[in-house]
2 protein chains.
Amino acid sequence: MSDLPALAPATKHNHARCVRDALDTAEAVCARRGARLTALRRHVLELIWRSHKAIKAYEILDQLAGEIGAARPPTVYRALEFLMAHGLVHRVDSLNAFVGCADASHRHDAQFFICDACGTVREIDDVTIGRAVSRGAERLGFEVERRMIELHGRCGSCQ
Amino acid sequence: MSDLPALAPATKHNHARCVRDALDTAEAVCARRGARLTALRRHVLELIWRSHKAIKAYEILDQLAGEIGAARPPTVYRALEFLMAHGLVHRVDSLNAFVGCADASHRHDAQFFICDACGTVREIDDVTIGRAVSRGAERLGFEVERRMIELHGRCGSCQ
DNA sequence: CGTGAATTGTTATATTATTACATAGCGTCC
DNA sequence: GGACGCTATGTAATAATATAACAATTCACG
């Protein structure tokens, strides 16, 4: 399992461009809101986008430490908190890890398909799933505020 | 937020019986499989069933320690591992906590509705949600092995 | 510039979980 | 019944994940 970009092989994927787009979107989103995408936060976001796998907070920490010299947990967790607050990054609860948001330009539901073989996390927003959940909630009289939908298994190229 | 049983108030709920049923089912499931529901494992299962909230491993540990005297993390985690392996308990990843399985008698999909106000976790098996997920996976060529669907919000009585 | 708010640094600690190895219980085969 | 082997439990240490609390710095804005 390399650290290089992991995506379905059928997908012609220019990852440099993929990262650039993510960072550009992040800049735009933050600018629009008057939020400060500082060098540190941007750097953390970039580390997260090095691959399409979920990355752990302490992996980010190690990489930062290797580059900046000093880095402590709060540095990373605060950056993550900011990035998540602005929808630029998602936390994958079942992995205690973080992944770049595939479409940070607007708020949306998301479901995560996590390949346990190669580690790739594929984010989709499937309205059918969303609606099914909403109807289930309604039947229970439950008001949903946060949805965590994470499916583990094997991606197409790892089966 | 008390530690007493928490369920929708409309639900007339005899919790003593609810626990007894859970333990009986557990005995039956284990007997059928030749698995040993030891005193310790049974005790942990009982602690988990004290309420319909998710309980943390270290809360179980504290309660055990108060009763048995000594108790160390592996004791609890091993019991949990056993109980989960036999479908008697679910892990709620978004809470790092554990909840009794509402229907341990057979394998099934599950979705969890977690009230962030009172802590109650309601487990349902909604085929519509299940099917929607399966179709989404199919479209991606993804083979799902484990589903984690946890919806946070407010239950009917906490809105 | 000077000021207040936001950001980052730093130390310590809390919380969650596992590894590794020792001991004890328990079934079964002769 | 005793030796063997397997499963379960005890114990100590530590790894992995996350937050609290307070100090120092930076930055926007007047």
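Naming: A, B, ... by sequence-line order, numbering from 1 per chain.
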Plane angle bin for A/H52 and A/W49 - parallel if under 30°, tilted between 30 and 60°, otherwise perpendicular: perpendicular
In whole angstrom, give the distance that lies between atom CG of B/D93 and atom P of C/dT16. 13 Å
Please report, rounded to the nearest Å, how far the C1' atom of C/dA14 is from the CG atom of B/D62. 13 Å
Can you check whether B/R36 has a side-chain N or O nearer than 4.0 Å to OP1 or OP2 of C/dG27? no
Single-linkage hydrophobic cluster A/I124~B/V144, side-chain heavy atoms < 4.5 angstrom: yes
Output yes when B/R146 and A/D116 qualify as a salt bridge under the 4.0 Å nitrogen-oxygen rule, no when they do not. no
In residues 79-88 of chain A, what residues come within less than 4.0 Å of DNA chain C, judged by heavy atoms? none
Applying a strict under-4.5 Å side-chain criterion to I, L, V, M, F, W and Y, I'd like to know whether A/I68 and A/L47 cluster together. yes
Spacing between B/I60 atom CD1 and C/dT16 atom P, to the nearest angstrom: 11 Å
Look for any protein N or O under 3.5 Å of an N or O in nucleotides 10-17 of chain D and output each such pair with its distance, or none.
residue : atom : partner : partner atom : Å
D/dG10  : N7   : B/R78   : NH2          : 2.5
D/dG10  : O6   : B/R78   : NH1          : 3.0
D/dT17  : OP1  : A/K56   : NZ           : 2.5

A/L88 reachable from A/V99 in the ILVMFWY side-chain graph, under 4.5 Å edges: no
Honestly curious: do A/F82 and A/I48 fall in one hydrophobic cluster under the side-chain, below-4.5 Å linking rule? yes
We want to know whether A/S134 and A/R147 form a side-chain donor-acceptor pair, criterion being a heavy-atom distance below 3.5 angstrom. yes
Name the atoms and distances for all side-chain donor-acceptor pairs under 3.5 Å in residues 25-35 of chain B, with sequence neighbours left out.
residue : atom : partner : partner atom : Å
B/T25   : OG1  : B/D21   : O            : 2.9
B/E27   : OE2  : B/R42   : NH1          : 2.4
B/R33   : NH1  : B/H86   : ND1          : 3.0

Using whole Å, report how far CG of B/L61 lies from P of C/dT18. 14 Å
